[in-house]
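Only one structure is covered here, and it is reproduced in the block below.
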Amino acid sequence: MRFTELPFDSNEMIKGLRPWVECESPTHDAAALNRMMDLAAYELAALGADIERIPGRMGFGGSLRARLPHPDKGKPGILVSGHMDTVHPVGTLEKLPFRIEGNRAYGPGIQDMKGGNYVAVEALRQIIRAGLTTPLPVTVLFTPDEEVGTPSTRDLIEMEALRNRYVLVPEPAREDGGCVTGRYAIARFNLRTIGRPSHAGWALKDGRSAIAAMARKVLEIEAMTGEDCTFSVGIVRGGEWVNCVSSLCEGQVLSMAKRQADLDAGVERMLALNDDSGDVIIEVTRGVTRPVWEPDAGTLALYEVGRELAAEVGFEMSHASAGGGSDGNFTGALGIPTLDSIGVRGAGLHTLNEHILIDSLPERAKLCAGLFLRLS
């Protein structure tokens with residue numbers, strides 16, 4: 001049986017995906033993430049996989065590693081690397097319930113990236129049901145913290161990738177259905193302004209507002225954005241009482257560049273903002289970083305295999321480097337052939353309009369199955 005003949009059914013796949021979407025799993029809720037890992041562990045165990053639950057750390061949920069049955073199990077093979085955390089807090093289902101409207105299925109995390117993760121598992125399920133054996137052993141690794149830069153599982157992903165020949169990352173497909181063969185470098189920063197408290201009514205002039213200082217700093221930082229490196233302030237929190245001049249305000253910044261040298265220069269500019277010479281102290285510390293992933297010969301050769309398989313499925317698959325980090329940054333930067341964004345088509349990720357195109361489920365499942373059966 002050819003991989004294009006495997007019986008992927010979009011109606012059955014959407015039924016199977018629904019419980020994953022309705023198991024809300026925001027990054028900062030370890031218990032919720034562990035419940036999601038339970039669902040995935042059961043399905044992979046049913047395929048005969050050796051299941052390993054890896055405890056979480058740094059306050060995050062645990063990870064799931066599943067090694068599929070194979071006569072050469074233990075030898076270098078294919079790693080499927082996916083994250084089960086989403087940006088949507090528990091309760092988002094009330095605003096973004098799982099629902100089907102025509103060819104669209106909606107729900108928190110359905111595009112980024114539970115749909116792609118489910119597709120990879122479904123591809124393995126149909127391969128096993130058909131009695132087929134992949135040329136290489138397959139390992140699935142699901143982790144809990146990609147949406148915040150993978151601070152607790154980067155080394156886990158990298159070490160597992162180094163034990164394999166190829167890495168497949170079922171992040172959402174690009175808008176045209178293409179895949180990603182490189183990603184920009186990304187750095188995160190923590191900001192803090194420390195002011196002088198006072199009563200905002202009768203002693204306003206005695207205070208120095210940390211919030212006001214942060215507001216000025218936000219404008220300064222975002223004005224640093226240029227063609228080579230971007231800066232975006234995504235989180236600001238400060239103050240406790242409206243009748244008090246704020247003494248503390250905190251924020252977070254994301255910086256992105258196409259080249260590592262440009263990101264390194266951006267890091268220097270951010271750290272240069274540290275200042276304790278005035279009435280308000282400015283503190284900037286570096287957070288997690290994703291290295292630039294530039295496509296090399298191995299990744300481009302892997303893409304060519306994927307492109308040929310896509311043509312057999314019936315669509316043209318382009319490729320490009322992309323902004324927006326993924327765990328493919330880590331594996332690609334290590335020089336391991338990595339094919340990213342081979343997951344489902346859709347739109348609205350990270351919003352209350354997040355959805356997938358249902359007819360892309362069998363399309364992408366066939367692509368995954370083809371890669372599992374073709375790579376050697």
Side-chain angles (χ1 to χ4, degrees), residues 1-6 8 37 39-54 62-84 113 116-143 153-171 179 181 296 298-299 301-306 308-310 312 326-328 330-343 364-376:
M1 176 182 290
R2 299 183 68 254
F3 75 95
T4 54
E5 298 171 350
L6 291 170
F8 295 109
M37 296 296 180
L39 293 180
Y42 179 87
E43 298 210 24
L44 286 160
L47 301 185
D50 291 337
I51 301 297
E52 182 180 1
R53 299 296 293 271
I54 302 165
S63 298
L64 166 65
R65 179 162 51 200
R67 303 193 191 281
L68 276 295
H70 195 276
D72 294 326
K73 188 165 60 178
K75 293 183 179 180
I78 301 170
L79 172 65
V80 176
S81 177
H83 67 88
M84 284 297 190
M113 63 179 290
N117 290 339
Y118 185 84
V119 157
V121 173
E122 179 66 14
L124 292 167
R125 181 170 19 246
Q126 294 302 333
I127 287 171
I128 291 172
R129 284 180 175 174
L132 303 175
T133 300
T134 59
L136 296 174
V138 177
T139 298
V140 177
L141 179 64
F142 290 144
T143 50
T153 59
R154 174 177 177 174
D155 55 347
L156 177 66
I157 294 167
E158 290 180 335
M159 292 306 295
E160 190 61 46
L162 288 167
R163 287 191 281 267
N164 286 275
R165 293 185 189 176
Y166 306 101
V167 177
L168 304 179
V169 185
E171 288 275 8
C179 64
T181 51
D296 57 15
T299 287
L302 175 56
Y303 161 70
E304 284 299 323
V305 175
E308 293 172 2
L309 293 168
E312 293 181 48
S326 86
D327 292 329
F330 303 134
T331 63
L334 288 172
I336 302 165
T338 298
L339 202 58
D340 200 342
S341 290
I342 58 171
R364 310 312 275 198
K366 289 178 182 179
L367 173 64
C368 285
L371 287 163
F372 292 140
L373 290 167
R374 187 73 55 87
L375 294 175
S376 61

Heavy atoms, side chains only, cut-off 4.5 Å: are L68 and I128 in contact? yes
Can you tell me how far the CG atom of L309 sits from the CZ atom of F372, to the nearest 0.5 Å? 11.5 Å
Show, in sequence, the C-alpha distance, side-chain angles and deciding distance for E43 and R125, and conclude whether the side-chain contact (heavy atoms from CB on, under 4.5 Å) test is met. CA-CA 9 Å; E43 298 210 24; R125 181 170 19 246; 3.1 Å; yes
Taking all non-hydrogen atoms of both residues, which atom of L371 and which atom of G306 are closest, and how far apart? CD2-CA, 4.1 Å
Within 6.0 Å of NZ in K75, more than 12 heavy atoms from elsewhere: no
In Å, rounded to the nearest 0.5 Å, how long is the span from CD of E312 to CZ of F3? 4.0 Å
Of the non-hydrogen atoms in M1 and L132, which two are nearest, and what is the gap between them? O-CD1, 4.0 Å
Indicate yes or no for a side-chain donor-acceptor contact from Y166 to the backbone of S376 under 3.5 Å, with no hydrogens or angles considered. yes
For L375 and R165, run side-chain contact (heavy atoms from CB on, under 4.5 Å): C-alpha distance rounded to whole Å, both residues' side-chain angles, the deciding distance at 0.1 Å, then the answer. CA-CA 9 Å; L375 294 175; R165 293 185 189 176; over 6 Å; no
Any chance you could measure L168, atom CG, to C368, atom SG, to the nearest 0.5 Å? 7.0 Å
Can you tell me if R364 uses its side chain to pair, donor with acceptor, with the backbone of G343 under 3.5 Å? yes
Gap between atom CG of L47 and atom CD of E122 - 0.5 Å precision: 9.0 Å
Tell me the closest heavy-atom pair linking A123 and A369, and the distance in Å. CB-N, 3.8 Å
Taking C-beta and beyond as the side chain, do T133 and P71 meet within less than 4.5 Å on heavy atoms? yes
Minimal non-hydrogen separation, A161 against T331, with atom names: CB-CG2, 3.6 Å
Quick check: closest heavy atoms across R65 and T139, and the distance to 0.1 Å? CG-CG2, 3.9 Å
Does T338 offer a backbone N or O that forms a donor-acceptor pair with the side chain of T299 under 3.5 Å? yes
Pairwise distance CZ(F142) to CE(M113) - rounded to 0.5 angstrom: 7.5 Å
side-chain contact (heavy atoms from CB on, under 4.5 Å) between I51 and L44: does it pass, once the steps are laid out? CA-CA 8 Å; I51 301 297; L44 286 160; 3.8 Å; yes
Distance, nearest 0.5 Å, that separates CD of E171 from CG of D327: 7.5 Å
Assess, by modelled atom type and distance only, whether the side chains of T153 and S63 contain a donor and an acceptor separated by less than 3.5 Å. no
So V169 and L339, side-chain contact (heavy atoms from CB on, under 4.5 Å) or not? Walk me through it. CA-CA 6 Å; V169 185; L339 202 58; over 6 Å; no
Nearest heavy-atom pair of R53 and A41: which atoms, and what distance? NH1-CB, 4.1 Å
Verify, without hydrogens or angle tests, whether N164 (side chain) and P76 (backbone) share a donor-acceptor contact under 3.5 angstrom. no
